[in-house]
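What follows is a set of notes on a single structure, which appears directly below.
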Amino acid sequence: MELIDSHKIFSGKQLRYRHRSGVLNCDMVFSIYLPPQAEHGPVPVLYWLSGLTCDDQNFVTKAGAQRYAAEHGIAIVAPDTSPRGEAVPDDAESAWDFGLAAGFYVDASEKPWSDHYQMYSYINDELPSLIQDAFAVVTNKAAISGHSMGGHGALISALKNPNRFVSVSAFAPICAPMQCAWGQKAFTGYLGGDQNKWQAYDATALLLMSEQAVPMRIDQGADDSFLLEQLKPEKIQSAAKQKNYPLDYRLHAGYDHSYYFIASFIGEHIAFHAKHLSR
Ligand SMILES: N[C@@H](CCC(=O)N[C@@H](CSC=O)C(=O)NCC(=O)O)C(=O)O
């Protein structure tokens, strides 16, 4: 693992590393914020998953999360959103919603994507192992959050691993990818045409099948241009109501899909996770 950037911020450290990923079969970069408390012992970890077109830096430079992570003594790991490199296939049409920076946090089964696009395993297995081996972090519990495509990634990770994550939150997540154009395109490309396979990566379907709840918070901007066509929070709200699932859903007047929205509420999300991580 190679340290490629380092900054002191709010008495902690914002670090950036490059490493070889076995599951993605390419070099990857991730960022980690270590709060000042990490100098005195293990701290809990919040994983942050970013959205379409992002890499690890969008959240680090725009969300303003470090102030709150330092206050609560939480490390934040921000991975990239897809495999990258000369040998990694990208979408032939260079679409921004598929291929590069659009891994959708699934394990692809279809060629040519399956050789590299194994983002679910990277986020849920390989990266946490690496983080636990390399940093002073608490190993038996973590929290997860994300935005848009990354919100979908956070929700499915928690729903599929209720013993690993103590809490999950999301900003403007893609709540029902099987029922929107972004999700249908990605799942067809990465997983093939059999929709039975898609359910394993659809937050609304997973919630309906869940047997163990993870405290969940979703914040959504009412002026988000993707709200009606792509995000569909009403699907997961309805599923949560049906299952009596602990979903705290908040709609905010005037906010859009951008990092201005995320920066406005990231402090509340980190406080939500801190409460559950400290139990
Ligand atoms: N094509 C546009 C819009 C892309 C966009 O809005 N990306 C969001 C995530 S959308 C769902 O996953 C984002 O986080 N963008 C990065 C940012 O820093 O705002 C474009 O390319 O701008």
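The structure displayed is predicted, hence computed values, not measured ones. One-based numbering, in listed order, for ligands and for the atoms of each.
Gln199 contributes no side-chain N or O that, together with a main-chain N or O of Gln195, makes up a donor-acceptor pair within less than 3.5 Å. Side-chain atoms of His152 come within 3.5 Å of backbone atoms of Phe104 as a donor-acceptor pair (strictly under, hydrogens ignored). Formation of a donor-acceptor pair under 3.5 Å by the Ser148 side chain with backbone atoms of Pro173 is not found in this model.
Ligand 1 lies within reach of Cys54, whose nearest heavy atom is under 4.0 Å from it.
Contact annotation for atom 22 (O) of ligand 1: protein absent (non-hydrogen atoms, distance under 4.0 Å).
Of the options Tyr255, Phe171, Tyr68, a ring pair (Phe, Tyr, Trp, His ring centres under 6.0 Å) to Phe265 is made by Tyr255 and by none of the others.
The shortest contact between atom 6 (O) of ligand 1 and any protein heavy atom is with Phe226 CE1, 3.9 Å. The closest protein non-hydrogen atom to atom 15 (N) of ligand 1 is Thr53 OG1, 3.5 Å. Among all protein heavy atoms, the one lying closest to atom 4 (C) of ligand 1 is Trp96 CZ3, 3.6 Å. Protein heavy atom closest to atom 8 (C) of ligand 1, with residue, atom name and distance, is Leu52 O, 3.6 Å.
Under a cutoff of 6.0 Å and an axis angle of 45°, Lys62 and Tyr260 do not form a cation-pi pair.
Shown in contact with Lys62 at under 4.0 Å from a heavy atom are these atoms of ligand 1, numbered in order with element: 17 (C), 18 (O), 19 (O). Short contacts between ligand 1 and His257, defined as distances under 4.0 Å to a heavy atom of the residue, involve ligand atoms 10 (S), 11 (C). Per-residue contacts place His147 under 4.0 angstrom from the following atoms of ligand 1 (heavy atoms of the residue considered): 9 (C), 14 (O). Residue-ligand proximity, Met149 to ligand 1, at heavy-atom distances under 4.0 Å covers atoms 11 (C), 12 (O).
Taken to the nearest 0.5 Å, the CD atom of Glu234 stands 11.0 Å off from the CG atom of Leu251.
Between Tyr122 and His19, the ring planes lie parallel to each other; the angle is under 30°, not in the 30° to 60° tilted range.
Few gaps surround CD on Gln212; more than 12 heavy atoms of other groups in view lie less than 6.0 Å from it.
Looking at Ser148, Gly51, Ala101, Ala95 and measuring to atom 10 (S) of ligand 1, the nearest heavy atom belongs to Ser148.
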